[in-house]
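Accompanying notes for the structure given below.
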Amino acid sequence: MQISSVQTPRVRQAGRVLLSLALVCLSAGAMAQGPSGGGNGGPPAGAPAEALTACKTAKSGDACSFTGQRGAVSGTCQAPEGRPLACRPKGAPSGN
């Protein structure tokens, strides 16, 4: 009987530690993914500054181009609901 009374607090503590670690992992995973615009067909919320600048004076649907980290990009200016107008590359998944 003494053994179980000694182990019970340790088991509870281990359970709390595991629960805390699980919550930290879930939170870190959610933060790593961040917001994205894939669900409504637009550029991600973290669209590169060049993509935003390319459409600064344009209207939705206008052709656009910019040079990003991966080289020259051409596409169409689009603004998903609640997000700024940005150059969406040709061939990018629509997300619809």
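- Scanning both residues, Glu50 and Thr67, for their nearest heavy atoms gives CG-O, 3.6 Å.
- Per the SG-SG cut-off, Cys55 and Cys77 are bridged by a disulfide [distance under 2.5 Å].
- Partners of Thr53 according to the side chain to side chain contact (heavy atoms under 4.5 Å, CB included) rule, which considers only residues two or more places apart in sequence or in another chain, do not exist here.
- Scanning both residues, Ala86 and Leu52, for their nearest heavy atoms gives CB-CD2, 3.6 Å.
- Checking each of Pro89, Cys87, Ser65 against Ser74 for a side-chain contact (heavy atoms from CB on, under 4.5 Å) leaves exactly one that passes, namely Ser65.
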